[in-house]
Amino acid sequence: MGIHNADIAEAFAEIGDLLAIQGDNPFRIRAYRRASQIVRSLPRELAEMHDASEYEALPGIGADLAAKIAELVRTGHLDTLDALRRKVPSGVRELLSLPGMGPVRVRALANKLHVRSRADLERAVASGRLEKLRGFGPALQSGLQTALAVQPAAGSAKRLPLFVAAQYAEPLRRYLQSIPGVARVEIAGSYRRRRDTVGDLDVLLCAPPDVNPFDALGRYPDLGTLSAAGTTKASGVLRNGLQIDVRVVPPESFGSALHYFTGSRDHAIRMRRRAQERGLKLNEYGLFRGTARIAGETEEDLYRRLGLAWIAPELREDRGEIEAAEKGTLPPLIERADLKGDLHVHTDASDGHDSLEKMAAAAREQKLAYIAITDHAKHLGIVHGLDAARLERQAAAIDALNEKLRDLVILKGAEVDILEDGRLALPDSVLARLDVVVIAIHGHFDLSEAKQTARVLRALERPHVSILAHPSGRLLGEREPCALDLERVLEAARDRPCYLEVNGQPARLDLDDVHVKAARDRGVLLSIASDAHSADQLANLEGGVRQARRGWARKEDVLNACPLGELRKLLRRTRL
DNA sequence: GCCGTTTTCGGCCCGACTGTTTTCAGTCG
């Protein structure tokens with residue numbers, strides 16, 4: 001209800017675009033765009049902060065923008081934005097998304113040819129009126145014509161889930177690695193930062209100056225088009241539509257290039273500014289004092305020469321990591337080897353593919369000390385869900401298997417549906433006999449935020465709840481997160497207590513990074529889970545760990561990084 | 001519009017590539 005951070009972020013982004021089209025001060029424009037990004041990635045809803053002075057404490061938000069946030073929260077709109085919209089016709093802004101179209105050319109179109117929409121532009125191109133305009137040559141015009149015909153009107157740039165991008169990135173990496181003379185290949189960008197989605201592939205090649213790998217790149221079977229290729233930089237599009245940008249750098253620059261192309265953009269900008277403050281210059285070729293390169297071969301050197309500890313790529317989002325690196329307070333991030341168990345695992349008793357025995361064997365191969373079998377509980381809509389009697393039989397089978405196993409303990413659990421009204425799909429008397437009760441939403445994703453939040457909070461009041469699984473219900477590229485006030489859910493989880501899952505299924509990665517950090521900051525422990533439905537899917541734990549790392553999680557923040565004895569204590573604390 | 005180890009004005013990251021230029025502006029990442 002009310003205004004969300006995403007609305008505020010969009011308002012600032014729109015102001016930035018409209019100011020750019022008007023030819024306003026570029027630094028003012030940047031301030032709005034930066035504020036938009038900052039607001040978008042905040043875990044707390046600005047509308048719920050009671051003291052508006054808190055706005056000004058945010059980096060990049062000064063007195064003016066704080067007042068604008070307050071105005072948006074109070075009134076739902078913004079005078080500045082309304083005024084700009086009156087000056088710049090709607091439809092002009094979306095011209096910015098066309099290739100080769102920046103603020104200068106968009107302004108020329110609007111002012112000189114009265115183009116105020118994509119349709120106007122199409123007509124202007126067709127009638128040849130663009131030719132009179134300075135800066136609109138034949139190449140640009142034909143590019144526009146293609147884009148207008150092909151590109152869908154809105155929301156064109158589609159990001160791929162990380163695991164889908166990996167299916168294209170890894171073969172490309174192997175191909176490039178095989179080119180003679182290429183010493184090293186790294187996929188940088190958001191792929192290296194392990195963001196949950198990837199917009200393009202930033203590929204870095206290490207090769208001496210006499211090697212030109214772009215001929216070979218042009219012959220890559222999955223390549224669609226190679227749109228630009230200079231001596232050190234090429235870009236193109238794979239057949240599946242994924243944009244790739246390839247850069248070639250010499251070994252002495254590899255670290256600085258890797259740093260720059262790993263990003264994020266904001267992190268890299270902060271680093272360059274930091275260099276500048278010290279009388280140095282940082283670019284993709286190295287860190288320079290005058291013309292002398294003082295670092296560049298490795299990232300570690302670069303950070304050290306700027307007075308910082310090396311920062312893991314997962315943290316490079318300009319969310320406080322540079323300050324932490326300066327103070328020496330970067331968190332020692334959780335690693336896969338820290339996980340002692342997995343508390344969300346299915347078998348063929350419900351919708352999994354493999355038997356209890358096979359899942360246990362796979363868990364031992366993954367070097368886990370314990371797993372919880374959490375098959376779906378029976379209720380309408382869940383196929384093969386377990387009722388009380390079948391849970392009883394599974395418990396007996398687990399007891400028997402535990403007798404035989406020496407290095408793995410199997411805990412008894414269930415994944416229980418949260419019904420539409422917040423009740424659970426199994427009675428408390430049945431849940432009381434389990435070691436681990438995982439609860440989750442599996443339907444009615446489209447309730448209002450008020451109803452969805454009340455539903456989950458009510459479920460958390462039940463006496464035998466250990467873990468809230470995949471809290472947002474999102475499926476990357478398929479289903480948006482449901483409207484849920486995660487702030488209130490986190491507070492309820494902290495006070496209760498119970499734990500929140502970081503689901504490692506590649507299409508879920510739920511909680512997201514921002515809410516992992518919010519949970520961590522509140523002291524709510526995380527359960528990094530595979531949600532495996534087959535033996536090989538226990539490997540999902542790796543993806544969960546990556547996601548947790550992006551949210552600054554240490555092993556102390558993770559429930560299943562505890563040894564079994566400690567885990568049992570923590571699980572008992574959830575019994576009300 | 002933000003911000004301060006160049007502190008309340010005067011800066012603000014940096015380079016590659018393209019197209020349209022006759023020396024560089026604009027876009028992009």
Side-chain angles (χ1 to χ4, degrees), chain A residues 12 15-17 19-21 23-39 55-69 80 95-109 130-144 147 157 188-190 198-204 214 226-236 243-249 253 256-257 259-288 296 306-307 318 322 326:
Chain A
F12 285 166
I15 290 177
D17 282 353
L19 287 174
I21 291 167
D24 208 294
N25 174 359
F27 299 107
R28 187 175 173 223
I29 293 160
R30 181 192 299 172
Y32 276 104
R33 290 181 171 161
R34 179 165 154 69
S36 171
Q37 283 190 313
I38 287 161
V39 168
Y55 303 153
E56 237 185 295
L58 296 167
I61 308 290
D64 184 276
L65 289 178
K68 288 194 167 70
I69 294 172
T80 310
L95 301 178
L96 278 177
S97 68
L98 293 165
M101 294 300 288
V104 175
R105 291 190 181 122
V106 167
R107 185 162 63 247
L109 285 174
L130 253 55
E131 282 163 29
K132 289 176 290 197
L133 228 51
R134 195 180 160 78
F136 287 80
L140 185 71
Q141 287 188 49
S142 80
L144 282 175
S190 49
V198 170
D200 61 8
L201 296 178
D202 295 297
V203 186
L204 198 57
F214 293 152
L226 202 58
S227 60
T231 54
T232 65
K233 179 178 168 173
S235 51
Q243 169 86 32
I244 58 169
D245 293 294
V246 185
R247 290 289 291 256
V248 187
V249 295
S253 296
S256 44
H259 174 264
Y260 177 54
F261 293 108
T262 296
S264 66
R265 187 187 160 82
D266 286 341
H267 177 94
I269 288 174
R270 286 285 307 276
M271 292 285 286
R272 288 183 171 196
R273 204 148 52 206
R274 191 178 173 87
Q276 203 181 40
E277 284 162 11
R278 285 162 176 69
L280 308 173
K281 186 173 71 167
L282 176 62
N283 59 28
E284 53 264 57
Y285 301 106
L287 181 64
F288 296 88
L306 290 172
D318 192 18
I322 292 175
E326 182 168 46

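In the text below, chain A, chain B and the rest are named by the order of the sequence lines, each starting its count at 1.
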**Request:** Quick one: label A:P26 by what it contacts on the DNA or RNA (base, sugar-phosphate, nothing), any heavy atom closer than 4.0 Å.
**Result:** nothing
**Request:** Calculate the interatomic distance between A:R107 atom CZ and B:dG26 atom C1'; express it in whole Å.
**Result:** 11 Å
**Request:** Would you please confirm or rule out a distance under 4.0 Å between OP1 or OP2 of B:dC13 and any side-chain N or O of A:R272?
**Result:** no
**Message:** Without decimals, in angstroms, what is the distance between A:D266 CG and B:dC14 P?
**Reply:** 15 Å
**Request:** Look through every strand shown and name the nucleotide pairing with B:dG19 as Watson-Crick or G-U wobble, where both distances are under 3.5 Å.
**Result:** B:dC24
**Protein-nucleotide distance (A:L140, atom CG; B:dT21, atom P), rounded to Å** = 11 Å
**Request:** Answer yes or no: does a side-chain N or O of A:Y260 lie under 4.0 Å from OP1 or OP2 of B:dA16?
**Result:** no
**Message:** Any base atoms under 4.0 Å from A:I29, or only sugar-phosphate, or nothing? Heavy atoms, all strands.
**Reply:** nothing
**Prompt:** Which value, in whole Å, describes the distance between the C1' atoms of nucleotides B:dC28 and B:dT22?
**Reply:** 24 Å
**Request:** Using the C1' atom as the reference point in each nucleotide, state the distance between B:dA16 and B:dG11 in Å, no decimals.
**Result:** 25 Å
**Request:** Identify which nucleotide among B:dC14, B:dG1, B:dG29 has an atom closest to any side-chain atom of A:K281, counting heavy atoms from C-beta outward.
**Result:** B:dC14
**Complete:** Winner on side-chain proximity to A:K233, out of B:dC12, B:dC14, B:dG15, is B:dG15
**Interatomic distance where CG belongs to A:L98 and P belongs to B:dC28 [whole Å]** = 9 Å
**Request:** In whole angstrom, give me the gap between the P atoms of B:dT5 and B:dC12.
**Result:** 16 Å
**Request:** From the options B:dG1, B:dG15, B:dT27, select the nucleotide whose nearest atom is closest to the side chain of A:E284.
**Result:** B:dG15
**Message:** Measuring only the P atom in each nucleotide, how far is B:dT6 from B:dC13? A whole number of Å is fine.
**Reply:** 16 Å
**Asked** Nearest-Å distance, OH (A:Y285) to P (B:dG15)?
**Response** 9 Å
Check: protein-nucleotides 2-6 of chain B nitrogen or oxygen pairs below 3.5 Å:
from: B:dC2; atom 1: OP1; to: A:G62; atom 2: N; distance (Å): 2.6
from: B:dC2; atom 1: OP1; to: A:G62; atom 2: O; distance (Å): 3.4
from: B:dC2; atom 1: OP1; to: A:L65; atom 2: N; distance (Å): 3.2
from: B:dC3; atom 1: OP1; to: A:G60; atom 2: N; distance (Å): 2.7

**Message:** In whole Å, measure the gap between the P atoms of B:dC17 and B:dT23 for me.
**Reply:** 23 Å
**Message:** Can you identify which nucleotide, out of B:dG1, B:dA16, B:dG29, has its nearest atom closest to the A:T232 side chain?
**Reply:** B:dA16
**Message:** At 4.0 Å (heavy atoms only), tell me whether A:R270 reaches a base, stays on the sugar-phosphate, or touches nothing.
**Reply:** nothing
**Message:** Can you say whether a donor on the side chain of A:N25 sits under 3.5 Å from an acceptor on the base of B:dG1, or the other way round?
**Reply:** yes
**Atom pair distance, as rounded to whole Å: CD1 in A:I244 and C1' in B:dG29** = 15 Å
**Request:** Determine the contact category for A:M101: base if any of its heavy atoms lies under 4.0 Å from a base atom, sugar-phosphate if only primed atoms, P, OP1 or OP2 are that close, otherwise nothing.
**Result:** sugar-phosphate
**Message:** Looking at A:R270 and A:D266, is there a salt bridge between them, counting it only when a charged N and a carboxylate O are closer than 4.0 Å?
**Reply:** no
**Between B:dA16 (C1') and A:L204 (CG): distance, integer Å** = 14 Å
**Prompt:** Closer to the 5' end of DNA chain B via nearest nucleotide, is it A:L96 or A:N283?
**Reply:** A:N283
**Prompt:** To the nearest 0.5 Å, what is the distance between CG (A:L58) and CG (A:L65)?
**Reply:** 10.5 Å
**Asked** Taking all non-hydrogen atoms of both residues, which atom of A:A275 and which atom of A:L287 are closest, and how far apart?
**Response** CB-CD1, 3.8 Å
**Asked** Closest nucleotide of DNA chain B for A:P103 versus for A:F136: which of these residues is on the 5' side?
**Response** A:F136
**Prompt:** So, is A:R273 close to the B:dC13 phosphate, meaning a side-chain N or O under 4.0 Å from OP1 or OP2?
**Reply:** yes
**Item:** 4.5 Å side-chain heavy-atom contact, A:R265 and A:I269
**Value:** yes
**Item:** Closest non-hydrogen atom pair between A:S256 and A:N283, with its separation
**Value:** CB-O, 3.7 Å
**Request:** Please report, rounded to the nearest Å, how far the P atom of B:dG15 is from the CZ atom of A:F288.
**Result:** 9 Å
